Asks: 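Got a structure for you, questions after.
Every heavy atom of this structure was used, including side-chain atoms; hydrogens, water molecules and symmetry mates were not. Starting from 1, each residue takes its place in the sequence as its number. Source: prediction; values computed, not measured. Order of appearance sets the numbers: ligands from 1, and atoms from 1 within every ligand.
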Amino acid sequence: MAISGSTRQESSNKDLIKAIQLLFSEELDIELFEGLTHLPHFNPDLIEHTPAEVLAFKKRIANAAGVIICTPEYAMGLPGSLKNAIDWTVSSCEFSQKPVAVITAATSGEKAHASLLGTLRVIEAKVDGHHLLIQFVKTKINNEYQVVHEQTLSDIKQLMHHFMGTINEEQ
Ligand SMILES: Cc1cc2nc3c(=O)[nH]c(=O)nc-3n(C[C@H](O)[C@H](O)[C@H](O)COP(=O)(O)O)c2cc1C
């Protein structure tokens, strides 16, 4: 399962996910979760009566062998819609021991990257060995979902091999 922290139509994070789908089509079946904008605002009062969209989201995570998160940075932090989605899983622990590949692809992105890793570690997701910060992302991927920056392509391949290693350890 893959989640883009950007819900923008022409998102470079979504393009990165597509690039990864193409690069690893033989090894992995990666499905993009498209429902981030349909998740209601998290409210602990609603946990007892969790909305159907949220239940479906949690089920997708629980059933996935691993999760790839690609996100931009907004105003020195995570996009609210991504943090909102993760907050729904905190008490139900879908991310616990789940292999998660984390890519922050933004202009700069350090703060969002550190913040997302901090959040995922506290909910016990397995992120070590497979996280990557891609700066100036718009110069590194083209419209045909090709990563045109050699070092970035090599970093993505390395991240994905470590991620698949963690998935295999868990199974
Ligand atoms: C509201 C807003 C705030 C942003 N704030 C930051 C920021 O704090 N740091 C950063 O590196 N980029 C920031 N950016 C730039 C995005 O990271 C960059 O445009 C990125 O490519 C967007 O990802 P996307 O193409 O997947 O939508 C911001 C963009 C927007 C729209």
Asks: Does the ring-ring contact (aromatic ring centres under 6.0 Å, His included) test come out yes or no for His161 and Phe24, once each step is laid out?
Replies: CA-CA 10 Å; His161 283 122; Phe24 293 91; 5.7 Å; yes

Asks: Donor-acceptor check, side chain of Ser92 to backbone of Glu94, threshold 3.5 angstrom: yes or no?
Replies: no

Asks: With a 4.5 Å limit on heavy-atom distance, are the side chains of Lys58 and Thr50 in contact?
Replies: yes

Asks: Please report which non-hydrogen protein atom sits nearest to atom 11 (O) of ligand 1, along with the residue it belongs to and the distance in Å to one decimal place.
Replies: Ser108 N, 2.6 Å

Asks: Starting from atom 18 (C) of ligand 1, find the nearest protein heavy-atom neighbour and note its residue, name and distance.
Replies: Thr107 OG1, 3.8 Å

Asks: Assess, by modelled atom type and distance only, whether the side chains of His149 and Thr139 contain a donor and an acceptor separated by less than 3.5 Å.
Replies: no

Asks: Side chains of Gln135 and Glu110: closer than 4.5 Å at any heavy-atom pair?
Replies: yes

Asks: Nearest heavy atom to atom 12 (N) of ligand 1: which of Met76, His113, Glu110, Glu73 does it belong to?
Replies: Glu73

Asks: Can you tell me which portion of Ser6 lies within the under-4.0 Å heavy-atom range of ligand 1? Options are side chain, backbone, both, or neither.
Replies: side chain

Asks: With no hydrogens and no angle check, is any side-chain donor or acceptor of Lys140 less than 3.5 Å from a backbone partner on Gln151?
Replies: no

Asks: Any side-chain heavy atom of Ile3 sitting closer than 4.5 Å to one from Phe57?
Replies: yes

Asks: Using a strict 4.0 Å cut-off to heavy atoms of Ala106, name the atoms of ligand 1 that fall inside it.
Replies: 11 (O), 17 (O)

Asks: Under 4.0 Å, heavy atoms only, figure out whether ligand 1 is touched by the backbone of Lys138, its side chain, both or neither.
Replies: side chain

Asks: Is the shortest side-chain heavy-atom distance between Leu16 and Ile156 below 4.5 Å?
Replies: yes

Asks: Any idea which protein heavy atom is nearest atom 5 (N) of ligand 1, and the distance to it?
Replies: Ala75 N, 2.9 Å

Asks: Please write down residue, atom name and distance for the protein heavy atom closest to atom 20 (C) of ligand 1.
Replies: Pro72 CB, 4.0 Å

Asks: Just distances here: any N/O of Ser12 and N/O of ligand 1 closer than 3.5 Å?
Replies: yes

Asks: Which of the numbered atoms in ligand 1 are below 4.0 angstrom from a heavy atom of Asn13?
Replies: 23 (O), 24 (P), 26 (O)

Asks: Among all protein non-hydrogen atoms, which one is nearest to atom 31 (C) of ligand 1, and what is the separation to 0.1 Å?
Replies: Tyr74 CE2, 4.0 Å

